[in-house]
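Quick notes on the structure that follows.
Protein chains get the first letters and strands the later ones, always in sequence-line order, with residue 1 at the start of each.
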2 protein chains.
Amino acid sequence: MKTRDRILDVSLELFNAEGEAKQTAVDIANALDMSPGNLYYHFKGKEPIIEALFDRFEEEMQIILGGSHGAVTSIEDNWIFVYIVLEEIYDFRFFYRNVGDMMERYPGLAHRFRKILAMKRQAIDNVLSQLEKRGFVDIDRRLRPALVQQMLSTLTFWLSHDLIEGSDRDGPSLIHDTVLQFMLLVVPYMGEAGADALDGMLERRRDLMKA
Amino acid sequence: MKTRDRILDVSLELFNAEGEAKQTAVDIANALDMSPGNLYYHFKGKEPIIEALFDRFEEEMQIILGGSHGAVTSIEDNWIFVYIVLEEIYDFRFFYRNVGDMMERYPGLAHRFRKILAMKRQAIDNVLSQLEKRGFVDIDRRLRPALVQQMLSTLTFWLSHDLIEGSDRDGPSLIHDTVLQFMLLVVPYMGEAGADALDGMLERRRDLMKA
DNA sequence: GTCTATAAATGGATAGAC
DNA sequence: GTCTATCCATTTATAGAC
């Protein structure tokens with residue numbers, strides 16, 4: 001099963017770098033220095049390759065999002081999973097450059113995308129509940145669903161948004177800014193402590209910029 | 001120039017209903033009860049049709065976003081332009097079901113999309129400034145850019161988000177909920193008056209649901 | 001302006017030799 | 001497992017008659 005893995009590795013790299021939609025089966029074979037016939041021996045086309053890549057992605061995400069998110073003390077620590085999720089998405093960023101397009105062209109992925117979305121929502125909800133229970137934040141019940149939705153959107157469309165703005169940033173810096181953007185959403189609900197927490201977040205971001 | 005307009009009208013309807021990516025030049029001709037050859041006489045293919053449709057959309061958006069946004073008293077009235085923008089986007093929703101994909105496949109649209117994005121950002125900024133000046137809201141300077149970005153994302157990805165969630169809602173109800181989602185973003189910055197404003201927004205939403 | 005017919009181009013897919 | 005050769009389907013695009 002070595003060639004099979006090589007096909008997946010190179011395909012992932014190619015899709016992330018050049019965009020999935022533009023690559024044909026022949027392009028993939030070329031990138032592998034392999035004949036199209038041989039590629040078809042291992043995978044019946046582009047679609048099964050995509051699905052095999054999604055298998056990998058899904059597995060990772062389930063590990064990340066299925067893990068426990070309790071037992072942390074500081075506010076920022078609660079959101080560490082956000083950072084990890086963004087990094088994982090970045091590894092498979094071709095899926096997220098254009099989620100709607102992927103779901104449309106590979107209908108088999110739609111419900112699996114939604115399952116991951118639901119897990120993300122659950123994870124966000126858990127963390128917010130933690131923060132509320134510990135008294136770090138106080139969120140109006142009527143505003144809570146909108147806040148969760150906003151967080152979920154951030155997690156889903158950060159790459160699309162960057163693409164549309166055409167900023168062409170490097171991955172790590174984009175990830176850091178997205179984490180910041182995410183955390184800033186709770187600041188208004190932190191009351192007195194909000195100002196200090198905000199300072200901390202921005203300072204940390206500056207440190208990361210330098211490094 | 002009558003056939004030309006008919007082609008654009010029917011194409012828009014077809015793209016909105018069935019998705020732009022799936023329609024070929026022949027499909028468009030069929031929907032028009034017209035031969036492909038004739039279609040090609042008026043437009044050299046799908047791309048010039050898309051661009052002509054974007055001309056229409058761009059013109060409308062410039063009128064909406066270029067207009068003045070001052071001289072309104074209530075908080076909700078300030079956001080009327082959001083409602084109008086969403087309705088206009090809905091009329092050309094095939095552009096927004098998958099913005100990134102459109103920009104990728106029609107590179108000529110990219111900078112025009114970005115121009116509209118910039119106008120939206122400006123309009124949001126103006127309204128926020130108005131609200132601040134009148135003392136309706138008090139937004140930390142360091143949080144303001146993140147808030148604007150969230151609002152912009154909402155305005156850009158509401159249709160994608162609905163598509164991904166697969167909720168398959170009807171247009172008007174989706175538009176109303178998106179306006180609500182948009183306005184809820186400022187509630188945390190309204191201080192004492194926030195609770196009342198929130199009540200008003202939710203009540204208004206309920207009234208619209210019944211109608 | 002509109003049609004029919006057909007060419008040209010692209011990408012997906014398989015057969016059969018090695 | 002891997003290659004070459006080839007076929008098939010789809011879509012774009014044009015030529016020429018009406």
Given DNA chain C, 5'-ward residue of the pair Ser35(B) and Gln23(A), judged by closest heavy atom:
Ser35(B)

Starting at the 5' end of DNA chain C, which residue's closest nucleotide do you reach first, Pro36(A) or Lys22(A)?
Lys22(A)

Could you check whether Arg112(A) pairs with Glu58(A) (Lys NZ or Arg NE/NH1/NH2 to Asp/Glu carboxylate O, under 4.0 Å)?
yes

Is Asp101(B) paired with Arg97(A) through a side-chain N to carboxylate O contact shorter than 4.0 Å?
no

Within the 4.0 Å heavy-atom criterion, would you say [X] contacts the bases, only the backbone, or no part of the nucleic acid?
X	result
Val26(A)	nothing
Lys44(A)	sugar-phosphate
Thr24(B)	sugar-phosphate

Given atom CZ of Arg105(A) and atom P of dG11(C), what is their separation to the nearest angstrom?
13 Å

Atom pair distance, as rounded to whole Å: CD1 in Ile28(A) and C1' in dG11(C)
12 Å

Tell me whether the side-chain N/O atoms of Tyr40(A) come closer than 4.0 Å to OP1 or OP2 in dA13(C).
yes

Charged tip of Arg93(B) within 45° of Tyr96(B) ring normal and under 6.0 Å
no

Where Asn16(B) and Phe92(B) come nearest, the two heavy atoms and their spacing:
OD1-C, 3.8 Å

Nucleotides bounding contact with chain A, strand DNA chain D, heavy-atom threshold 4.0 Å
dG1(D) to dT4(D)

Against Arg105(A), only a single residue in Glu51(A), Glu47(A), Glu20(A) fulfils salt bridge (Lys or Arg N to Asp or Glu O under 4.0 Å); can you say which?
Glu20(A)

Checking side-chain polar atoms at under 3.5 Å, does Gln181(A) have a donor or acceptor matched by the opposite partner on Asp177(A)?
no

